[in-house]
Amino acid sequence: MSDSYSLLILPGDGIGPEVMTEVVKVIDWLQANRGLSFDISHGLVGGSSYDAHGTPLTDETMAKAQAVDAVLLGAVGGPKYDDLDFSVKPERGLLRLRKDMDLYANLRPAQCFDALADFSSLKRDVVAGLDILIVRELTSGVYFGEPRGIHADNNSDNEGGRVGINTQRYTSGEIRRVARSAFELARRRNNKVCSMEKANVMESGILWREEVQWVRDNEYPEVELTHMYADNGLMQLVRKPGQFDVILTDNLFGDLLSDAAAMLTGSLGMLPSASLGKPMANGRPKALYEPVHGSAPDIAGQGKANPIACILSFAMALRFSFDQGAAADALERAVEKVLADGVRTADLMGPEGGTPVSTSEMGDRIVAALAQA
Ligand code: NAD
């Protein structure tokens, strides 16, 4: 029996609890058959927490999230909560988790399973076998920089009389810490990082480039580092995505690049993510794992949701928080096998049609494949 890993499960709203039920099947199987041991606690986040406690995240749940090895979240939100005050909207629960845990490195893999290569908007031979990891800085940059705001600007020849301001600001420390995350991850993969900014027109981009290079030269000399302007990077991502392994970039460019990369691989129901922070006393980073998709109110409660994004998010937790790379590989192989066998939830049905399986059946099939992986 290995060490026990502490995991806080926050299913959230809409399809969140449905897809999380399938992850729990995987966890139960790993505990029963692979000698892994998880110390699991459950909590509420988003609308479900608002319904129970009048807040999208209680202090108690926040404290639990700070104490565990990893948090796994389903999704938050839904039309029921649209008219709530901004301060108690479901999304505030998620934002508080990210902020209070100081999760500065957002990892978004873009992996194309062979069986789904025809789902991409790009040609099969461009995306087949694709396996990229985008590391986006998540807690600083232009989304947070001061000054910001919309002000009157009546002193110039300005039709409309207003000015909108945001500030792109990065400290060297903020750049170095996320760069270290990217280099650490590259070491576990193909030892290649491409850093993207706009050093040609932005001082913050020059600093970004210099600091990333500094970290590489002083701490990760064995990792191959290249630099690219982010506009060219986005073009290269759709032209020849296979040239990349780890892409490191800032908050704004990462927002754009990761959404574009997501579309290379097909359905929203397939995309996992991880957000990592500083290492804790046990050496593992603070970590939140969640599917990229939202609560999908249009299909909630109907057994139609694809649980794979949430299951692959748990595979990331196995790899990055629990040092269980072999179990993560096995789980990813199980997903690949099920897809190769033609098992599809409704979102993965191609023009050829067929009968989709339910959320629960997809989970069962993945667990069955895991037993053979
Ligand atoms: P969404 O991701 O919930 O859904 C977009 C479309 O993709 C829908 O048609 C949905 O049915 C489909 N879809 C999403 N996940 C799927 C899955 N696993 N399987 C099959 N189909 C899936 O985005 P939205 O509709 O813009 O937002 C709905 C709610 O979710 C909103 O309240 C929004 O604020 C919230 N949201 C939450 C998160 C999060 O929790 N991280 C992210 C995005 C949106």
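Start at 1 and go down the list; that is how both ligands and their atoms are numbered. Every heavy atom of this structure was used, including side-chain atoms; hydrogens, water molecules and symmetry mates were not.
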Within-cutoff protein neighbour (heavy atom, under 4.0 Å) for [atom]:
| atom | value |
| --- | --- |
| atom 30 (O) of ligand 1 | yes |
| atom 3 (O) of ligand 1 | yes |
| atom 7 (O) of ligand 1 | yes |
| atom 25 (O) of ligand 1 | no |

Between Asp255 and Tyr143, do the side chains contain an N or O donor and an N or O acceptor separated by less than 3.5 Å?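 Side chains of Asp255 and Tyr143: pair found under 3.5 Å.
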Counterpart residues, side chain to side chain donor-acceptor pair (under 3.5 Å), relative to Asn158 (two or more places apart):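 For Asn158 the side chain to side chain donor-acceptor pair (under 3.5 Å) partners, ignoring immediate neighbours, are Asp153.
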List ligand 1 atoms under 4.0 Å from Gly294, heavy atoms only on the residue side.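 The list of qualifying atoms is 1 (P), 2 (O), 3 (O), 30 (O), 36 (N), 37 (C), 38 (C), 42 (C), 43 (C), 44 (C).
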Among pairs that include at least one residue of residues 272-288, which meet salt bridge (charged side-chain N to carboxylate O under 4.0 Å, His left out), considering only residues two or more places apart or in two chains?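 Passing the test, one end in residues 272-288: Asp69-Arg284, Asp102-Lys278.
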Does any part of the side chain of Leu318, heavy atoms only, come nearer than 4.5 Å to the side chain of Leu36, both counted from C-beta?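 The answer is yes; the side chains approach within 4.5 Å.
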Region of [X] that comes within reach of ligand 1 [heavy atoms, distance under 4.0 Å]:
| X | answer |
| --- | --- |
| Thr345 | neither |
| Leu94 | side chain |
| Leu268 | side chain |
| Asp347 | side chain |

Report the nearest protein non-hydrogen atom to [atom]: residue, atom name, distance rounded to 0.1 Å.
| atom | answer |
| --- | --- |
| atom 16 (C) of ligand 1 | Ile15 CD1, 3.9 Å |
| atom 28 (C) of ligand 1 | Pro297 CD, 3.4 Å |
| atom 18 (N) of ligand 1 | Asn306 O, 3.0 Å |

Do any nitrogen or oxygen atoms of Gly269 lie less than 3.5 angstrom from nitrogen or oxygen atoms of ligand 1?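 No - when backbone and side-chain N and O of Gly269 are compared with those of ligand 1, no distance drops under 3.5 Å.
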If I take atom CD from residue Gln243 and atom CD from residue Gln236, how far apart are they, to the nearest 0.5 angstrom?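 The CD atom of Gln243 sits 4.5 Å away from the CD atom of Gln236.
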